[in-house]
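Let me begin by presenting the structure, written as structure tokens, before commenting on it.
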Amino acid sequence: MQQSNQAVKGMPTHDIVIVGGGLVGASLGCALAPLIERYGWRVAIIEPAPMAVQPQETTWQPSFDARASAIAEGSAQRFQQLGVWEAMRGEATPIKRIHISERGRLGATRLSADELGVAALGHVIPNAWMGRVLHQRLAQLPLEWHCPAKVEQLTPIANGHELQLSDGSQLTAGLTVLADGGRSGLKEQLGIGSRHESYQQTALIAHVGVSQPHSGVAYERFTSQGPMALLPLPGQAMELIWTHHSGSETTRMALPEREFLLQLQRAFGDRVGRFTRVGTRHAYPLSLVTAEEPVRPGLAVLGNAAHALHPVAGQGFNLALRGVMDLVDALEQGEQAKRPLGDMSTLQAFEKQRSRDRANVIRFSDGLVRLFGLSFPLLPHARAAGLIGLNLVGPLRRGLARRAMGLER
């Protein structure tokens, strides 16, 4: 990978600067590859953490403690477009079936890949592996990396932004893309506010071993504390996402392994056999967060910097990846119309497309959280009846599944 030169005073140094080389920023870099080749765009990525993997490394040792993401079938198709899916699927566990239930109720909904005529409903992939594959692809592209480095100052200027980096570099860009997560402070530095609504819940996330094969089944179970999910991983292991009322997770985080597994068994039941081990436990507070200005002249906000969702439906990264692809499409249309990168009409067209998709996903995931979080008299019975009804009404169930898979919007 090339290293950027210092800016020539008065001249822009880059067409596009991507702030953040994580999963979203790296996906954007890969998606821009055809346009870099076609139009000769100068693109740089700024990332404060070391690269996920150095290009010369040839081995990868997954950790039992590594976090994983549920990749919808639509996202797998998009990774295919980026030329990374064949490598990525090497550590991907296909989701063949999904089982949705509510604790203490008979109602349940089951979805299967066979019913929808697809090879898999989605795939579960370790984040570290996705990062490795994306960064190896980036290593093949004429991109400039500042890594490790962070943006210390981001300043709007005529026709773009100026970026002062911690490594002493000063860049200017026609379009700056913030893909650096929700805690960098750059949005606040620019005066971009966010709507923030806490769910008063915390997700406890860990990998767990199970005593019997999971057969590619993913489970979503609604409880009085919030939803819990189990996602299939290679071998007899699954990723656990266990929602708690905020504060109540601290005791469970500190439990000895044996006691933790006993409590998990009581909460989930025996559908996957016995829980045999647990990896490092992580806790994440859950909120619905949306940026109030996802675009400005010369600026676009993507990924967790633009929106943070409840993990109940596993839609966060899938939504972000659709945003990546929509931005690339909008930039190509703008280029064909001879508009400069960062032109507001281009970015507004992009945001119009994103706002519909984002609203639909938020309405779906937020609605699930609130529906199953209520405990009015008779409502649990109505939810159970609804789950049973959804299981019986094939077209409705299949339509919801195709939307969750990212095959429809």
**Message:** Looking at R137 and E86, is any side-chain nitrogen of the basic one under 4.0 Å from a carboxylate oxygen of the acidic one?
**Reply:** no

**Asked** Is there a donor-acceptor pair under 3.5 Å between the side chain of E249 and the backbone N or O of A203?
**Response** no

**Fill in**
Tightest non-hydrogen contact, residues N318 and A72, listed as OD1-N, 2.9 Å

**Candidate pair L230 and V210, rule side-chain contact (heavy atoms from CB on, under 4.5 Å), full reasoning** = CA-CA 11 Å; L230 283 170; V210 292; 5.8 Å; no

**Prompt:** Looking at E335 and R38, does any basic side-chain N land under 4.0 Å from a carboxylate oxygen?
**Reply:** no

**Test item: L264 and V278 side chains (from C-beta on) under 4.5 Å apart, heavy atoms** = no

**Message:** So Q336 and Y39, do their side chains get closer than 4.5 Å, heavy atoms only?
**Reply:** yes

**Message:** Looking at every non-hydrogen atom in both residues, tell me the closest pair between F79 and S27 and how far apart they are.
**Reply:** CE2-OG, 3.9 Å

**Message:** Using the side chain to side chain contact (heavy atoms under 4.5 Å, CB included) definition, which of the options T243, I100, I241 pairs with P227?
**Reply:** T243

**Fill in**
In short, G279 meets A206 closest at the heavy-atom pair O-CB, 4.2 Å

**Message:** Parallel, tilted or perpendicular: which one describes the rings of H99 and Y219, with boundaries at 30° and 60°?
**Reply:** tilted

**M228, H244, H282 screened by side chain to side chain contact (heavy atoms under 4.5 Å, CB included) with L204, the one that passes** = H244

**Prompt:** Is it the case that more than 12 heavy atoms not belonging to R356 sit under 6.0 Å from its CZ atom?
**Reply:** yes

**Prompt:** Is there a donor-acceptor pair under 3.5 Å between the side chain of Q333 and the backbone N or O of L331?
**Reply:** no

**Asked** Is atom CD of E37 surrounded by more than 12 heavy atoms (other residues, nucleotides or ligands) closer than 6.0 Å?
**Response** no

**Message:** If you define the side chain from C-beta out and look only at heavy atoms, does anything of L341 sit under 4.5 Å from W41?
**Reply:** yes

**Prompt:** Are the side chains of V295 and M344 in touch, meaning some heavy atoms are under 4.5 Å apart?
**Reply:** yes

**Prompt:** Can you find a pair of side-chain heavy atoms, one from M130 and one from S69, that are under 4.5 Å apart?
**Reply:** yes

**Asked** Would E351 and R358 pass as an ion pair if we require N to O under 4.0 Å?
**Response** yes

**Request:** Considering non-hydrogen atoms only, spot the tightest contact between P234 and E91 and give its length.
**Result:** CG-O, 4.5 Å

**Message:** Checking S112 against D114 for the side-chain hydrogen bond (donor to acceptor under 3.5 Å, both in side chains) test, could you report, in this order, the C-alpha distance in whole Å, the side-chain angles of both residues, the deciding distance, and whether it holds?
**Reply:** CA-CA 5 Å; S112 73; D114 289 343; 5.5 Å; no

**Asked** What pair of heavy atoms forms the shortest contact from R266 to E259, and how long is it?
**Response** NH2-OE2, 3.8 Å

**Fill in**
Closest heavy-atom pair, L190 versus R296, reported as atoms and distance to 0.1 Å, is O-NH1, 2.8 Å

**Prompt:** Do L327 and L347 have side-chain heavy atoms sitting under 4.5 Å apart?
**Reply:** yes

**Message:** Could you tell me if the side chain of R97 sits less than 4.5 Å from the side chain of S215, heavy atoms only?
**Reply:** yes

